[in-house]
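Report on the following structure.
Counting convention: from 1, in listed order, for ligands and their atoms alike. Note: hydrogens, waters and symmetry copies are ignored here, and every other heavy atom, side chains too, is used.
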Amino acid sequence: MENDEQYPEYCRNKLMDFVKKRDIKIEICDVTLRDGEQTPGVAFSKEQKMSIARHLDEIGIEVIEAGFPVVSESEKDIVKSISQMDLDAKICCLCRSTKKDVEIALDCDVDIVSVFLAMSDLHLKYKYHKELDEMLTVAMDAIEYAKDHGLGVRFAAEDATRTPIDRLVGAFKQAEERKVDYVSIADTIGILNPSTAKYLTNEIYKAVDTKICIHCHDDLGMAVANTLAAAEAGAYQLHTTVNGIGERAGNAALEEVLVGLRVQYGIERYNLKSLVDLSKEVACYSKIEPAINKAVVGENAFSHESGIHVAAILENPRTYELFLPEMVGGQRNLIVGKHTGTKALAGIIKSMGYTLDEDDFNVLFDQVKVITENEQRSVNRDELEALIMNILEVSD
Ligand SMILES: CC(=O)SCCNC(=O)CCNC(=O)[C@H](O)C(C)(C)COP(=O)(O)OP(=O)(O)OC[C@H]1O[C@@H](n2cnc3c(N)ncnc32)[C@H](O)[C@@H]1OP(=O)(O)O
Ligand SMILES: O=C(O)CCC(=O)C(=O)O
């Protein structure tokens with residue numbers, strides 16, 4: 001394989017030079033330990049949460065949402081323990097729009113509280129059974145209380161993407177008067193697409209001077225695209241979870257957002273080398289394996305079987321890889337299957353230390369085709385070696 005220094009680890013999307021967008025000035029707030037843990041059936045232990053937090057910090061994640069302390073005494077203890085880990089990342093926790101939740105957060109020594117409030121008609125009517133003004137008054141009181149106690153504050157508009165924009169702007173302005181540090185656009189039910197993510201973020205960007213957060217759910221499989229589209233319109237804090245875990249279809253996947261930031265916008269400051277390890281860790285603790293074809297961290301993210309692809313990859317992997325597996329701590333797998341070609345098979349057996357004469361090679365190639373087609377599967381390296389040994393024995 002060619003090791004050509006002129007190619008970097010990844011291919012920059014040069015088409016981005018033609019796209020109209022704001023300067024990408026961003027930070028990441030990873031919410032794996034809070035929204036990620038809201039995945040049905042997931043409950044991380046204290047040790048697991050602390051280990052994930054350390055890993056996120058090593059990657060260079062700027063803000064870690066450590067939990068929702070009002071959930072339980074144990075959750076409160078975990079959030080406090082993470083706050084005391086002395087990480088570079090700022091530690092944030094979730095609070096309803098109540099003083100009580102902020103008081104509990106204060107006990108946890110967090111840097112930032114995320115005070116959330118839904119303002120859509122549906123949520124006001126069926127969840128709170130209250131008028132907007134009443135809810136907003138309580139929310140602003142909670143925000144003032146948090147600010148008075150020296151906390152950083154995010155005012156998060158739950159279900160923002162089904163809330164009238166003027167109502168959203170009005171509430172954000174009230175929060176801004178109270179000097180909140182961030183306002184958050186939460187796409188709670190995942191209705192956005194990249195066009196509307198850009199439109200809504202742009203409207204908020206024009207109306208307020210406070211940093212904007214974007215929090216996307218993946219109900220239509222667009223959470224990562226929506227997050228990046230919002231960043232192009234001026235969103236500053238991008239919310240992610242490892243492996244995209246979270247409520248229902250999950251959240252914007254950290255690994256995809258980080259690689260997206262690098263490939264699309266050239267943001268290189270995050271240490272991506274441990275993304276695959278972190279994914280495995282979270283998969284183990286959450287007991288949820290990412291899909292085999294999941295971008296960046298799925299088992300097939302760097303697997304290749306097709307003869308034409310493998311033949312080219314053997315010359316230079318960049319022919320069929322947007323970024324090299326080493327960039328994210330992954331590994332390339334060349335698979336022997338129905339679609340394997342002669343160059344690929346020759347390259348693979350050579351890498352295993354074998355060379356066969358033409359007749360033996362043709363026998364091996366035919367055997368591989370028969371097995372993979374009749375049994376509808378690939379051939380692993382042990383089996384391939386056994387086939388080779390058998391052929392060599394017969395021809396001796
Ligand atoms: C979009 C999001 O992800 S929001 C976060 C969602 N996460 C979770 O719910 C996970 C953890 N939740 C829990 O452990 C519990 O639901 C708790 C501890 C938060 C609350 O438990 P309970 O006191 O038993 O209340 P319950 O869950 O039945 O109902 C929620 C209450 O919170 C209120 N509430 C919900 N959101 C808010 C808000 N943003 N601000 C103020 N009150 C709120 C509801 O109106 C309801 O109040 P009510 O009890 O007066 O009717
Ligand atoms: O916007 C936020 O910071 C959190 C909101 C949230 O979790 C949601 O609405 O799904």
Side-chain angles (χ1 to χ4, degrees), residues 27-44 63-76 78-79 92-102 104-105 112-120 122-132 134-143 145-146 152-163 168 171-172 175 180-192 200-201 204 211-219 223 226-227 230 235-241 244-252:
E27 68 179 14
I28 301 287
C29 171
D30 187 86
V31 299
T32 307
L33 304 180
R34 198 277 298 170
D35 216 344
E37 203 196 32
Q38 287 175 207
T39 307
V42 174
F44 297 125
V63 182
I64 297 173
E65 193 161 305
F68 190 6
V70 77
V71 166
S72 67
E73 277 305 312
S74 145
E75 174 79 349
K76 186 174 157 187
I78 295 172
V79 174
C92 165
C93 75
L94 192 67
C95 292
R96 289 171 299 178
S97 290
T98 67
K99 265 191 193 170
K100 175 193 147 198
D101 282 19
V102 176
I104 295 173
I112 302 168
V113 285
S114 179
V115 176
F116 76 97
L117 181 73
M119 292 171 283
S120 61
L122 272 170
H123 281 240
L124 288 167
K125 184 169 177 191
Y126 294 104
K127 193 170 76 172
Y128 303 137
H129 315 284
K130 297 222 168 92
E131 297 295 323
L132 172 67
E134 190 181 345
M135 292 308 294
L136 262 179
T137 304
V138 182
M140 294 306 140
D141 284 352
I143 288 170
Y145 184 74
V153 176
R154 173 200 297 148
F155 177 49
E158 191 187 6
D159 207 21
T161 49
R162 291 189 299 179
T163 304
L168 209 51
F172 283 167
V180 293
D181 303 272
Y182 305 91
V183 292
S184 185
I185 302 171
D187 186 22
T188 306
I189 45 95
I191 195 175
L192 285 180
L200 179 58
T201 307
I204 302 300
K211 287 173 178 160
I212 298 170
C213 313
I214 184 78
H215 179 104
C216 291
H217 280 273
D218 207 32
D219 299 70
N226 294 340
T227 301
Y236 178 76
Q237 187 181 81
L238 315 183
H239 292 192
T240 61
T241 61
I245 62 170
E247 296 274 357
R248 306 178 310 280
N251 291 57

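Under the 4.0 angstrom criterion, atom 25 (O) of ligand 1 counts as lacking any protein heavy-atom contact. Contact annotation for atom 50 (O) of ligand 1: protein absent (non-hydrogen atoms, distance under 4.0 Å). For atom 3 (O) of ligand 1, a protein heavy-atom neighbour is present inside the 4.0 Å cut-off. Within a 4.0 Å radius of atom 15 (C) of ligand 1, the protein has no heavy atom. Checking atom 29 (O) of ligand 1 against the protein gives no heavy-atom contact under 4.0 Å. For atom 47 (O) of ligand 1, the nearest protein heavy atom lies 4.0 Å away or farther. When distances from atom 44 (C) of ligand 1 to the protein are checked, no heavy atom turns up under 4.0 Å. Within 4.0 Å of atom 7 (N) of ligand 1, at least one protein heavy atom is present.
If you number the atoms of ligand 1 from 1 as listed, the ones under 4.0 Å from a heavy atom of E158 come out as 1 (C), 2 (C), 4 (S). Atoms of ligand 2 found under 4.0 Å from any heavy atom of H217, numbered from 1 in the order shown, are 10 (O). Residue D35 has at least one heavy-atom neighbour below 4.0 Å for each of these atoms of ligand 2: 7 (O), 10 (O). For ligand 1, the atoms closer than 4.0 angstrom to any heavy atom of K127 are 45 (O). Near T188, meaning under 4.0 Å from one of its heavy atoms, ligand 2 places the atoms 8 (C), 9 (O), 10 (O). Every atom of ligand 2 with a heavy atom of A156 under 4.0 Å away is listed here by number and element: 1 (O), 2 (C), 3 (O). Atoms of ligand 2 found under 4.0 Å from any heavy atom of R34, numbered from 1 in the order shown, are 4 (C), 6 (C), 7 (O). Listed by number with element, the atoms of ligand 1 under 4.0 angstrom from any heavy atom of L94 are 5 (C). Counting the atoms of ligand 1 from 1 in the order shown, those under 4.0 Å from a heavy atom of S97 are 38 (C), 39 (N), 40 (N), 41 (C). Close approach of ligand 1 to V70 is summarised as follows: ligand atoms under 4.0 Å from at least one heavy atom of the residue are 18 (C), 19 (C). Residue S114 has at least one heavy-atom neighbour below 4.0 Å for each of these atoms of ligand 2: 3 (O).
Using a 4.0 angstrom heavy-atom cutoff, C213 does not count as in contact with ligand 2. Ligand 2 has at least one atom lying under 4.0 Å from a heavy atom of H239.
Among all protein heavy atoms, the one lying closest to atom 1 (O) of ligand 2 is S184 OG, 2.7 Å. With respect to atom 12 (N) of ligand 1, the closest heavy atom belonging to the protein is V71 CG2, 4.1 Å. Annotation: atom 6 (C) of ligand 2 to nearest protein heavy atom, H215 NE2, 3.3 Å. Atom 5 (C) of ligand 2 has A186 CB, 3.6 Å as its closest protein atom, hydrogens excluded (heavy atom only).
Looking at F116 next to ligand 1, an N or O pair under 3.5 Å apart turns up. The N/O atoms of T98, backbone and side chain alike, include none that comes under 3.5 Å of an N/O atom in ligand 1. Between R96 and ligand 1, a contact under 3.5 Å exists for at least one N or O pair.
In this structure the side chain of N251 never reaches within 4.5 angstrom of the side chain of D218, judged on heavy atoms. Side-chain contact between I64 and V31 is absent, with no heavy atoms from C-beta onward closer than 4.5 Å. With a 4.5 Å cut-off on side-chain heavy atoms, V63 and Q237 count as touching. At a threshold of 4.5 Å between non-hydrogen side-chain atoms, the residues T240 and T227 do not count as touching. Taking 4.5 Å as the limit, some side-chain heavy atom of E27 sits within range of a side-chain heavy atom of Y182.
Heavy atoms of V138 found under 4.0 angstrom from ligand 1: none, in either backbone or side chain. In R34, the part holding a heavy atom less than 4.0 Å from any atom of ligand 1 is the side chain. The side chain of R154, and not its backbone, has at least one atom closer than 4.0 Å to an atom of ligand 2 (non-hydrogen atoms only; side chain from C-beta on). At a heavy-atom cutoff of 4.0 Å, ligand 2 is contacted by no atom of D187, backbone or side chain.
Partner V153 forms a side-chain contact (heavy atoms from CB on, under 4.5 Å) with one of I112, V102, V113 and no other, that one being V113.
Here the side chain of S184 pairs no donor or acceptor atom with the backbone of A156 at under 3.5 angstrom. A donor-acceptor contact shorter than 3.5 Å links the side chain of Y128 to the backbone of A118. Side-chain atoms of D181 never come within 3.5 Å of backbone atoms of R154 as a donor-acceptor pair (strictly under, hydrogens ignored).
No side-chain donor-acceptor contact under 3.5 Å links D159 and T188. In this model, no donor atom of one side chain and acceptor atom of the other lie less than 3.5 Å apart for R162 and S120. For the residue pair D35/H215, the side-chain donor-acceptor check at 3.5 Å is satisfied.
Enclosure of atom NZ in K125 is not indicated, since only 12 or fewer non-hydrogen atoms of other residues, nucleotides or ligands lie within 6.0 angstrom.
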